[in-house]
Amino acid sequence: MSFFSLILSIITNPWFIISIIFWLIVLVLIFILRNKKDSILVFFPFIAMLKTKKLNNFISKISKKKPRFWRIFWNIGIFVSFAFIIFALFFFFINLINLLYQPRIENAVTPLIPGVTVDLPLFAYLIIPLLFILTTHELAHGIAANNDGVDIKSTGILGAGLFFLIGMGAFVEVDERELNSPKFHRNTRLRIAAAGTFVNAITAAIAFFLLLIFPILISPIYGDRVIQVDSVLKEDEGGFNYGRLSKGDVITALKKKDSDEGFININGDGYYSLQNLLDNNSIKIKCSPGDKLTLKIYRPRVDKTIEKNIILGPRYKIGILYEYISNRKLKITYIYSKEEDGNNYNKDLYEDLIIRKINGTRINKAEGQTLEKLLTNFNLKKIKLTSESGKNYYLDVDFDGVFIGIISKLYWMPRNDNIIAKTVGGNFPDFLLRELIWFWVIAFSVTLFNMLPLPIFDGDRMVKEMVNSGIGEKYKSKKKKRDKFIYKNKEKFYGLSEYRVEKIDSIKIYTQDQTRTEQSKIILGENNYDLIDKIGDGYKSTVSFDLPEQTELRENSIIEVSYEYWHDERKKIKKTILNTIRILTLFIVLGNFLLSYIQLGSVAFWLS
């Protein structure tokens, strides 16, 4: 693909257009809220956050109902989340080993990027699970924080991605400085850190349970699960029944044509699924290539059942996967090994091999000269593939069953002409099933990733607290430090980065003169500031300014505070241990992503 084609495919991607609209809306909001600069934060093209305090009361009301229950609930979450930290590290380590020595497609670890690794129709199924899981995750943090008396600064909504909008959800912003102060016990921090993951784990468990009982859930209004024709393959696509079947046909039963025996009803949840019957896994019917079947077809649009006759063609195994790269060329993308029951692993084939001729005939998709058409031959034994260089490859062809030549989707028959089932349609349970599957996949994935001890995840907070608890603290010496702040108009209080502050040495303010390029410096006297305990933890760590009324400081002036504080002598070893854990975790996780790409190529999820 040329650079121009790549750019064209990106800008014509519907999700890119949606993302552009999203960023345009953000631009409008920036203009509307220009006088409330703290209401919207934008880090283009990664994230946009709209802040508000309107949800604070809602979170407060929830946390104040049954506070004892919430305390016990979040305490359980601590143990569950620690279990997931251990499991997440174990999972990614074992998966890394498997990717090294026995790579399989189920070991692939890949990001979900709309239009790139996930096609847009499939991503539509992900929107509701993503919104629900991200929102409940953040609400859990907020409820746990409020339950422990930690101030919630703001709540809001966010959109995240990389140019492409990948997801949206809610967020809760707590006062991190207050939370990390000695005012709160480490158990408070553990409860808050674990809350989001705990709720995600519960979501995953509920989704998994609903998947297990899904047939029971829909059984009051839906009956047998059958097959609906989504498209009928033409002969050059490998089909045998183009013109006999139509898109939307629902196959409910079958029998041999002109047979005196009755129809065999299809039930996708039981022994008599369509595939089982065609694969001769039932004693009621035996199918072979060339057999003619009569199908009982239900047509949902007219609520009518009719009969149609079809012919069964052969399904062959050739031991390779391939794709067309142009009208006249195809490329071999995968060769099944002996262990994978491949039948052409020893024919000197290799991935990315370009094929131009099949059995001596040039490939021409436009004129129907395809490999799929050749595979409709009823007595095929060998295939000769000719590469660009003129080398011939002779492939064995093994019979692997019979084939109708349709692309199908699941359909549930309404039970007893149930009006609800008929109104929402027989495909609705398939939608619910896919939603539940993605609820489970996303909730479980978010739980695993979020419990990794990496700085951006909650697992890092929990491991940090355990390291601090295990090593302890030792405040026996003093150190000097210098913090810098950006002055904001009417802002009176500035929290220092250390909590156990002994005294302020000096405060300097650097302002930029608009008429000159150099900075001017103001040294504040002791009567213009005070060191106070604003947090309420027993330590003075906040600078309060009391500037004269005539003092005019420009917005974004730099405030430099030099001070002396009590130093934790064990801080260095705790930081070393924590960073070592982070580095090892990062190595394992990045190894999973890189080896997934190297060993398995670009893995994508498509709707089928």
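For this chain, numbers begin at 1 and follow the sequence in order. In this text the structure is predicted, and so the values were computed from the model without any measurement.
Atom CZ of F209 sits in a sparse spot, with 12 or fewer heavy atoms from other residues, nucleotides or ligands closer than 6.0 Å. Counting non-hydrogen atoms of neighbouring residues, nucleotides and ligands closer than 6.0 angstrom, the CD atom of E323 exceeds 12 such neighbours. The local environment of CG in N416 is sparse, with at most 12 non-hydrogen atoms from other residues, nucleotides or ligands closer than 6.0 Å. Counting non-hydrogen atoms of neighbouring residues, nucleotides and ligands closer than 6.0 angstrom, the NZ atom of K247 reaches no more than 12 such neighbours. Enclosure of atom OH in Y393 by more than 12 non-hydrogen atoms of other residues, nucleotides or ligands within 6.0 angstrom is indicated. For I420, the CD1 atom counts as loosely surrounded, since its 6.0 Å shell holds 12 or fewer non-hydrogen atoms of other residues, nucleotides or ligands. Within 6.0 Å of CZ on F593 lie more than 12 heavy atoms contributed by other residues, nucleotides or ligands. Crowding of F79 atom CZ: a count of heavy atoms from other residues, nucleotides or ligands under 6.0 Å not exceeding 12.
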Could you list the donor-acceptor pairs under 3.5 angstrom formed between side-chain atoms of residues 90-98 and any protein atom two or more places apart in sequence or on another chain?
| from | atom 1 | to | atom 2 | distance (Å) |
| --- | --- | --- | --- | --- |
| N95 | OD1 | N107 | ND2 | 3.1 |
| N95 | ND2 | N107 | O | 2.9 |
| N95 | ND2 | N592 | OD1 | 2.7 |
| N98 | ND2 | I94 | O | 3.4 |

Under 3.5 Å donor-acceptor pairs involving side-chain atoms of residues 284-291, not counting sequence neighbours:
| from | atom 1 | to | atom 2 | distance (Å) |
| --- | --- | --- | --- | --- |
| K286 | NZ | N280 | O | 3.4 |
| K286 | NZ | S282 | O | 3.4 |
| D291 | OD2 | S288 | N | 2.7 |

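Taking the centre of each ring, F73 and F198 come in below the 6.0 Å mark.
Under the rule for a side-chain contact (heavy atoms from CB on, under 4.5 Å), the partners of S445 that lie at least two apart in sequence or sit in another chain are V441. Residues passing the side-chain contact (heavy atoms from CB on, under 4.5 Å) test with S231, sequence neighbours excluded: I407. For F208, the side-chain contact (heavy atoms from CB on, under 4.5 Å) criterion is met by L212, W440, not counting sequence neighbours. Scanning for side chain to side chain donor-acceptor pair (under 3.5 Å) contacts around K382 gives D396, with sequence neighbours left out.
Salt-bridge check for R315 with D279: passed, with a basic side-chain N closer than 4.0 Å to an acidic carboxylate O. Between D236 and K365, no side-chain nitrogen of the basic residue sits less than 4.0 Å from a carboxylate oxygen of the acidic one, so the salt-bridge criterion is not met. Using a cut-off of 4.0 Å between Lys/Arg side-chain N and Asp/Glu carboxylate O, K409 and D430 are scored as not salt-bridged.
Between F403 and F240, the angle of the ring planes goes over 60°, which puts this pair in the perpendicular group of the 30/60° scheme. Relative orientation of the F84 and F444 rings is perpendicular, given thresholds of 30° and 60° on the angle between their planes.
Minimum heavy-atom separation, H137 to H141: NE2-NE2, 3.0 Å. For G248 against P300, the heavy-atom pair with the smallest separation is O-CD, 3.7 Å.
No side-chain heavy atom of I588 sits less than 4.5 Å from a side-chain heavy atom of L452. In this structure, L375 and I383 have side chains that are in contact, with non-hydrogen atoms separated by less than 4.5 Å. Contact check for I227 versus L410: side-chain heavy atoms found under the 4.5 Å cut-off. Residues L254 and T294 fail the side-chain proximity criterion, which asks for heavy atoms closer than 4.5 Å. Within the 4.5 Å cutoff, no side-chain heavy atoms of E372 are placed close to those of L233. Between K384 and N359, the closest side-chain pair of non-hydrogen atoms falls below 4.5 Å. By the 4.5 Å heavy-atom criterion applied to side chains, E307 and F263 are counted as neighbours. Residues Y324 and T370 are in side-chain contact: their nearest non-hydrogen atoms beyond the backbone lie under 4.5 Å apart.
From L433, atom CG reaches atom CG of L210 across 11.0 Å, with rounding to the nearest 0.5 Å. L295 contributes atom CG, which lies 4.0 Å from atom CD1 of I310 (distance to the nearest 0.5 angstrom). Taking NZ of K329 as the reference point, atom CD1 of I354 lies at 7.0 Å (rounded to 0.5 Å). Atom CD1 of I218 and atom CZ of F428 lie 10.5 Å apart (nearest 0.5 Å).
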Item to complete: Evaluate the criterion side-chain hydrogen bond (donor to acceptor under 3.5 Å, both in side chains) for residue pair Y345 and E339; output intermediate values, then yes/no.
Response: CA-CA 10 Å; Y345 57 86; E339 292 73 23; over 6 Å; no
Worksheet item: Which is it for D249 and Y298 under the side-chain hydrogen bond (donor to acceptor under 3.5 Å, both in side chains) test, yes or no, and what are the steps along the way?
Response: CA-CA 6 Å; D249 285 352; Y298 172 67; over 6 Å; no
Worksheet item: Could you go step by step and tell me if D230 and S408 meet the side-chain hydrogen bond (donor to acceptor under 3.5 Å, both in side chains) rule?
Response: CA-CA 5 Å; D230 195 37; S408 62; over 6 Å; no
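Distance alone, capped at 3.5 Å, is enough to place a donor-acceptor pair between the N344 side chain and the I318 backbone. Under a 3.5 Å cut-off, the side chain of R415 and the backbone N or O of Y222 do form a donor-acceptor pair. In this structure a side-chain-to-backbone donor-acceptor pair under 3.5 Å is present from N343 to G319. A donor-acceptor pair is defined here as one N or O able to donate and one able to accept, closer than 3.5 Å; such a pair exists between the side chain of T136 and the backbone of I133. Checking side-chain atoms of N241 against main-chain N and O of I311 turns up a donor-acceptor pair under 3.5 Å. Side chain of T197 to main chain of A194: no donor-acceptor pair is present (N/O by atom type, distance under 3.5 Å, no hydrogens or angles).
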